[in-house]
Enquirer: 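Could you have a look at this structure, given as structure tokens, before my questions?
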Amino acid sequence: MNTYSRSDITAPIVAARFCGPPSAMLGQEKVPCPNRQGTQTLARVRAALFPHLPDVAVCRNVAPLRRFHAGCRGVVGCGPSALCSACALPRDENACDDSTPDSRLPTRADTAIIGAFLPPCEETRVPDPAADVRVRFAPSPTGALHIGGARTAIYNWAFARKTGGTFILRIDDTDPERSTAENTAQILRSLRWLGLDWDEGPEAGGAFGPYFQTQRAHAYRVALERMKANGSAYPCFCTAEELERKREAARSGDGTPGYDRTCRRLSADDARARIDGGEPHVWRVAVPEDRGDIVVDDAVRGETVFPASAMDDFVLVRSDGTPTYNFATVVDDADMEITHVIRGDDHLSNTPRQILVFEALASPVPRFAHLSMIWGADGKKLSKRHGATSVEAFRDEGILPEALLNYLALLGWSLDGQTTIVSAETLRATFSLERISKNPAIFDAEKLDWMNGVYIRDMPPEQLAERMLPWLESAGLASRADFELRRAWFLALVPLVNERLKRMTEVVPALGFLFASEITLDPASVEKALTTAEARTALRGSAEALGTLDRWDAASIEACLRAVADSLGVKPKVLFQAVRVAVTGSTVSPPLFESLALLGSETARARLVSAQAATAG
RNA sequence: GGCGCGUUCGUCUAGCGGUUAGGACACCGCCCUCUCAAGGCGGAGAUCACGGGUUCGAAUCCCGUACGCGCUACCA
């Protein structure tokens, strides 16, 4: 492992590819690029604005904030990953710490502020979206991961895997009231349970962090500075009451609601004076006057056009300094170089607003793909009333992760219209944005159950046995030690149930009679199969005959019982049902002879006897 | 109110100008069978929301209408 310490920094000057005004340039040199073949042009620039810094160079369009050790504060834009440009050592997240910033080096905020004053770079990097896909799933930890979010995560993951891109997990925890660490933990757990792995994000690290919005305050500050500098953001001092009044007026008026841009007309001096005077204010985007209609080329919906006139100067930063959602996500997406935004339909109307911010930041606008919502069976928004909605609830109700993944993947996406069983492997090999459907979908729990059954049936026996154990354990019927001790016996359980289970929760009711020492006979079953004199005779005959068996296996038991039925003149079916109820407690059970074989001769005969006693009177 | 999105069997979907509108779940029937399942075979189920166009021809393209949903916050 490569280690790194602050003293390893030999040059106090941070260099990067330079594209600022020549007057600011102190020197220029071509150096070998540490990250790829060839050279890059480095420049040294006097940043007069930042006297506490040494000579600094930045390029605003070459991803100025990327790819350096967390503690290095370096700047570079050259290829994905590999070396830290400030120390030229391989990046190793764990070896760096960000706790003691070096005052000689520009902070991230500094570099970006400088960038804002520089003209656009001639060599704007044109990302090739096909070659370098970066997608993100950005849940808000205000609750458990629900199936809508899970589906969004699945699509993002599948798309990243299919394209060989990067899947990023980011936590949108800007709502301090409702965001909890436990929710975050649960979301990570749910994603992992589904088999989704992320390349960057919590517990995975990555060069574009931090991945929690609450830790990204500086990024929002920097972005706002840039927007202030290029005139795309302005302070607004209007009070809530004033705004409310304006909204009312607009709503009853010509039908173009939104902020009336009063404060946009303030002079710069005026605004500065009021800010300096401590007057509370928010920051708004200045939607360009000459901006034409905004078209969103959505991968799912095609081109949708939003009239620019409908865009008002919405708030970017609240009066308490925190960013609004539409600002924060864009800053994050821009900083993290997200190429494709795959998310819920409810954000489609926000997209033109966000595009405006991307443009103001001079960042490439990602491709969008908006997914339709998932509804409950009644066509209403999914809620507790519809039963399980969180991933963990499905887990607890005996749904297999691969089944939930499969079901959710097909709820809004199709491979070919025929295929219904899609493994994670085929998903990651075949997923495409083009085959996402536009229609909202209603969640069909019955189909999920069917699919779960398919996965249970198709599972290798050893694996099913293994997966059944936790359910038996939590019911107090078996233990791990038990399982290890009698592996063959547990394995033999599988064929009894694998064709009969829809959910893993059914394991215990289906197999309980094989574990419990005592069983209770289901009254309705007794009524149906045990009340006749014929049935009691059958039980007695069966108990006796089985006692003489020297081979205790399914075939022998079957032969024996058929012989008993024959000699007693009782219909085999009648005898079997009587025995079934006596031994399993119910008219519905796994196959009788196999069940008896696994139960053991002793217990089986004991139950036949006690059932006679129970029904005698 | 304004803007945007959506509408193919009960449900999920295929379809991208010419199909008997295909598949899956659920449902019904038959077969198999020691119960329940699973499996096999078959069936019913969609005037492609509605109304206009364009076209020789439209579920597919265009325009309206209806209904549903989203956004229109110093929510996310």
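Chain identifiers are assigned alphabetically (A, B, ...) following the order of the sequence lines, protein sequences preceding nucleic acid strands; residue numbering begins at 1 within each chain.
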Enquirer: Which nucleotide wins on minimum distance to the side chain of A441(A), given the candidates C5(B), C12(B), C3(B)?
Expert: C12(B)
Enquirer: Rounded to whole angstrom, note down the P distance from U60(B) over to A14(B).
Expert: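 My reading of the P atoms in U60(B) and A14(B) gives 16 Å.
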Enquirer: Measure from the ring center of H281(A) to the ring center of Y234(A) and say whether it is less than 6.0 Å.
Expert: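 Not close enough - the centres of the two rings lie 6.0 Å or further apart.
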Enquirer: Looking only at the side chains, is there a donor atom on one of S372(A) and N439(A) sitting less than 3.5 Å from an acceptor on the other?
Expert: no
Enquirer: Give a yes/no answer on whether the side chain of S372(A) brings an N or O atom under 4.0 Å of OP1 or OP2 in G6(B).
Expert: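 Looking at the OP1 and OP2 atoms of G6(B), neither is under 4.0 Å from any side-chain N or O of S372(A).
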Enquirer: Inspect the contact between R540(A) and E544(A) and indicate whether a charged nitrogen and a carboxylate oxygen are less than 4.0 angstrom apart.
Expert: no
Enquirer: Would you say N439(A) reaches U7(B)'s phosphate, i.e. side-chain N/O to OP1/OP2 under 4.0 Å?
Expert: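 N439(A) to U7(B) OP1/OP2: side-chain N or O found under 4.0 Å.
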Enquirer: Using the six-membered ring wherever Trp is involved, compare the ring planes of F576(A) and F593(A) and label them parallel, tilted or perpendicular (cut-offs 30° and 60°).
Expert: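 Ring orientation, 0 to 90° scale: perpendicular.
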Enquirer: Please work out if V305(A) contacts a base, only the sugar-phosphate, or nothing of the nucleic acid, heavy-atom cut-off 4.0 Å.
Expert: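 Contact class for V305(A): sugar-phosphate only.
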Enquirer: Counting heavy atoms from C-beta on, name the nucleotide in G4(B), G6(B), C69(B) closest to the side chain of K438(A).
Expert: G6(B)
Enquirer: How would you label the contact of T587(A) with the nucleic acid (heavy atoms, under 4.0 Å): base, sugar-phosphate, or nothing?
Expert: base
Enquirer: At under 4.0 Å between heavy atoms, what does L411(A) touch on the DNA or RNA strands: base, sugar-phosphate, or nothing?
Expert: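 Sugar-phosphate contact only - L411(A) comes under 4.0 Å of backbone atoms but never of a base.
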Enquirer: Expressed as a whole number of Å, how far does the C1' atom of A44(B) sit from that of C5(B)?
Expert: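 Here A44(B) and C5(B) have their C1' atoms 35 Å from each other.
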Enquirer: Regarding F593(A), tell me which of base, sugar-phosphate or nothing describes its non-hydrogen contacts under 4.0 Å with the strands shown.
Expert: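 Base, at least one base atom sits under 4.0 Å.
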Enquirer: Work out how far the P atom of U65(B) is from that of C3(B), and round it to whole angstrom.
Expert: 11 Å
Enquirer: Would you tell me whether T262(A) and D260(A) have side-chain atoms, one donor and one acceptor, within less than 3.5 Å of each other?
Expert: yes
Enquirer: Aromatic rings F431(A) and F159(A): how do their planes relate, parallel, tilted or perpendicular, breaks at 30° and 60°?
Expert: perpendicular
Enquirer: Provide the distance between the two P atoms, one in A46(B) and one in G10(B), to the nearest whole Å.
Expert: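 It works out to 7 Å between them.
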Enquirer: Quote, to the nearest angstrom, the C1' distance that separates U11(B) from A58(B).
Expert: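 The same atom, C1', in both gives a distance of 26 Å.
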Enquirer: Please confirm whether R170(A) makes a cation-pi placement over Y211(A), using NZ or CZ under 6.0 Å from the six-membered ring centre and within 45° of the ring normal.
Expert: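 So R170(A) doesn't make the cation-pi contact.
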Enquirer: Answer with base, sugar-phosphate or nothing: what part of the nucleic acid does P440(A) contact at a heavy-atom distance below 4.0 Å?
Expert: sugar-phosphate
Enquirer: Kindly point out which of A76(B), C71(B), A37(B) is positioned nearest to the side chain of S349(A)?
Expert: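 The nucleotide sitting nearest to the side chain is C71(B).
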Enquirer: Which part of the nucleic acid does R435(A) contact within heavy-atom distance under 4.0 Å: base, sugar-phosphate only, or nothing?
Expert: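 Sugar-phosphate, no base atom in range.
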Enquirer: What nucleotide among A26(B), C71(B), G4(B) has an atom nearest to a side-chain atom of E446(A)?
Expert: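 Nearest to the side-chain atoms of E446(A), counting from C-beta on, is A26(B).
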Enquirer: Provide a list of protein-nucleic acid N or O atom pairs under 3.5 angstrom, restricted to nucleotides 16-22 of chain B.
Expert:
{"unit_1": "G22(B)", "atom_1": "N2", "unit_2": "G417(A)", "atom_2": "O", "d": "2.9"}

Enquirer: From the options U35(B), C5(B), C12(B), select the nucleotide whose nearest atom is closest to the side chain of I442(A).
Expert: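 From the listed options, C12(B) comes nearest.
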Enquirer: Aromatic rings F368(A) and H370(A): how do their planes relate, parallel, tilted or perpendicular, breaks at 30° and 60°?
Expert: parallel
Enquirer: It should be established whether K447(A) places a side-chain nitrogen or oxygen under 4.0 Å from OP1 or OP2 of nucleotide A26(B).
Expert: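 No.
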